[in-house]
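As the structure lists them, so they are numbered: ligands from 1, and atoms in each ligand from 1. Along the sequence shown, residues carry numbers from 1.
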Amino acid sequence: MVSDGVDVGQRLRLDTLARLTRPGQGWTGPDVDPRALRVGVAHLGIGAFHRAHQAVFTELAAAATGRDDWGIAGVTQRSASVREQLMPQDGLYSVLERGADQVSLRVVGSVREVLFAGADPAAVLDRIADPAVRLVTLTVTEKGYRRGGAGGLDRSDPEVAADLAGRPPRTAVGQLVRGLQRRRSQSGAPITVLSCDNLSDNGQVLRALVHDFVDALPSSEATGLADWIAASTRFPSSMVDRIVPATTDKDRTDARRILGLEDRGVIVAEPFSQWVIEDDFAADRPAWERAGAVLTADVAGWEAVKLRLLNASHSLLAYLGALSGYDTIAAALTDDRLAGAVEALMVEDVTPTLRVPDGLDLADYRRQVLTRFANPALRHRTVQVAMDGSQKLPVRVLGTVRDRLSAGAVPRHAALTVAAWMVYVAQGRDRRGRELPLDDPMADRLRAAVAGADGAPQRLVDSLLRVPEIFGADLPEHEEFRAALVDHVARLMSG
Ligand code: CS2
């Protein structure tokens, strides 16, 4: 089959792309000449989210300013597959944007190199040490930070302990510290470390984890390192937002039809994209504001709005939706009962806890979230959002719970979100009997906790509420919250 003179069996690469007739039909990009780009950013965790979000902003910023020094070296942490997808394609990949009633495709060229940390850990440290690199960005997901119960670095985690003992580092914080150590001894050039994960105060959290790691090193290795990091490194916070479901075969087929080339690295995303970044950099940065990002002194308000309204609602729809037999977030939202619960969560429980950032209309924001979730073209699976609940609930739901409880109110819909997660963990099946995967770093602990509950709502609530890494020491003691959970769990379990 031939399209635009190119055999569609051919793979996306710089040369095959150059042979396509331009402008292409239904596709754009890259907006930069990838051959001319030099690496200026090292990114830890080059999954689909980074490629759909920061990599696009960075490319558009480079294009708007004519700069050629903001190419990205991405690091894949757990498997070589992103490297295998992108390197034979000269780093090129497409973002398939699925709006409710139209689809378009952008070829992105800002990723210049993909390193597999498992095979080549030294190359990762060299990139962090490279003076041409002025930025390390991260999307390693909530669990990638490896925090313990009190929020600091979990030194009992065997991976953390092994990195501290001096093996080539495999954790993100280990890679950062070892890379910074090398940078200090080589050029000593300042650098910014920018977390792009869904954590509140992500910059502060990461700074503290880096310092925890340094503090745990033998003094012979750590002398002066903490001071150098404090003086030469910045850890701004940022709020990132774009819905990026897992790529399906249909996405790959549609991308091939639109582009006329085979792309093994295609990712799918909604049209919406937002980035709010704390303007606190140790050195130069891409002019992301030219690509629509907001640089501000105050990110905390935006982070809370996004995590508590969008991500919490997502989790509610994921757990309740999956239990009710809905495969996707959009399908779950067609159920009036679920849509009503989400609306009530946002309006009654979350909104009173928010400090609204300047220029943001919360009612518009809430409407926009629901419209984005309702996008039927995205097919964002409920079980994908349900993953890693032990890591996500504290960040997106339990802050709301604590704020409302201390204001003397019982947040019933936030409690419903937690209860739906509890039933999801305990039942592992939807109402039609189909299996629901428990994909969570604490899965074994959670399964053991619910095993003794025998399906009794009170015992189930107590067994999970007493996992201190998730609920702390305070929430199990709160009788009204516990009662609300028991009430919801009992109703959910009886169908
Ligand atoms: C989702 C997020 O999977 C999840 O937990 O809530 O990945 C969500 O799609 C993004 O944060 C949107 O920006």
Side-chain angles (χ1 to χ4, degrees), residues 45 47-57 95 97-98 137-145 195-200 202 237-248 267-277 292-294 299 302-322 326-330 332-333 338 342 345-346 350 365-366 368-375 377-400 414 417-418 420-421 424-425 436-442 470:
F49 185 75
H50 171 73
R51 286 184 277 147
H53 189 272
Q54 303 103 64
V56 177
F57 276 95
V95 181
E97 277 192 13
R98 292 197 185 276
T137 53
L138 289 90
T139 48
V140 294
T141 78
E142 296 87 343
K143 62 179 172 239
Y145 289 78
S195 167
C196 302
D197 281 295
N198 285 322
L199 296 174
S200 20
N202 49 14
S237 285
S238 78
M239 182 279 266
V240 292
D241 193 5
R242 190 170 205 188
I243 295 175
V244 184
T247 305
T248 64
I267 53 178
V268 63
E270 64 174 334
F272 180 92
S273 188
Q274 190 176 35
W275 199 6
V276 182
I277 309 162
V294 173
V299 177
W302 286 99
E303 278 182 329
V305 166
K306 194 260 172 170
L307 292 167
R308 291 186 180 196
L309 285 175
L310 185 147
N311 292 112
S313 302
H314 233 178
S315 290
L316 176 54
L317 283 172
Y319 297 119
L320 271 189
Y326 295 110
D327 287 339
T328 67
I329 296 289
L333 202 52
L338 272 59
V342 167
L345 169 68
M346 292 201 282
V350 177
Y365 188 94
R366 290 192 299 257
Q368 191 181 42
V369 165
L370 293 176
T371 307
R372 291 169 58 198
F373 285 177
N375 179 347
L378 268 184
R379 301 203 52 78
H380 197 190
R381 291 171 59 77
T382 44
V383 294
Q384 187 186 353
V385 180
M387 260 173 77
D388 292 348
S390 69
Q391 314 291 303
K392 290 174 177 173
L393 290 181
V395 181
R396 44 182 77 176
V397 181
L398 300 183
T400 297
T417 313
V418 176
W421 168 77
Y424 182 103
V425 169
L436 298 171
L438 182 58
D439 193 338
D440 192 298
M442 292 181 74
I470 305 175

Query raised in the report: Between Arg396 and ligand 1, which residue portion shows a heavy-atom distance shorter than 4.0 Å: side chain, backbone, both, or neither?
Result: side chain
Query - Those atoms of ligand 1 less than 4.0 Å from some heavy atom in Lys392 - result: 3 (O), 4 (C), 5 (O)
Query raised in the report: Can you find an N or O of Asn311 that's nearer than 3.5 Å to an N or O of ligand 1?
Result: yes
Requested in this report: Just jot down the ligand 1 atoms closer than 4.0 angstrom to any heavy atom of Asp241, in number order.
Outcome: 12 (C), 13 (O)
Query raised in the report: What is the minimum heavy-atom distance between Glu97 and Glu270, and which atoms define it?
Result: CG-O, 4.4 Å
Query raised in the report: What class does the angle between the rings of Trp275 and His53 fall in, given that below 30° is parallel, 30 to 60° is tilted and above 60° is perpendicular?
Result: perpendicular
Report task. Say whether, by atom type as modelled, one donor and one acceptor occur between the side chain of Tyr319 and the main chain of Thr382 under 3.5 angstrom. Result -> no
Report summary line: If you scan protein heavy atoms around atom 6 (O) of ligand 1, the nearest is His314 ND1, 2.7 Å
**Report entry** Heavy atom of the protein closest to atom 11 (O) of ligand 1 (residue, atom name, distance)
**Finding:** Lys306 NZ, 2.7 Å
**Report entry** ligand 1 atoms in contact with Asn198 (distance to a heavy atom under 4.0 Å)
**Finding:** 11 (O)
Report task. Give a yes or no on whether the backbone of Glu142 and the side-chain of Asp197 come within a donor-acceptor separation of less than 3.5 Å. Result -> no
Requested in this report: Applying side chain to side chain contact (heavy atoms under 4.5 Å, CB included) between Val383 and each of Leu436, Leu438, Thr328, report the one that passes.
Outcome: Leu436
Query - From CA spacing to verdict: side-chain contact (heavy atoms from CB on, under 4.5 Å), His50, Cys196 - result: CA-CA 8 Å; His50 171 73; Cys196 302; over 6 Å; no
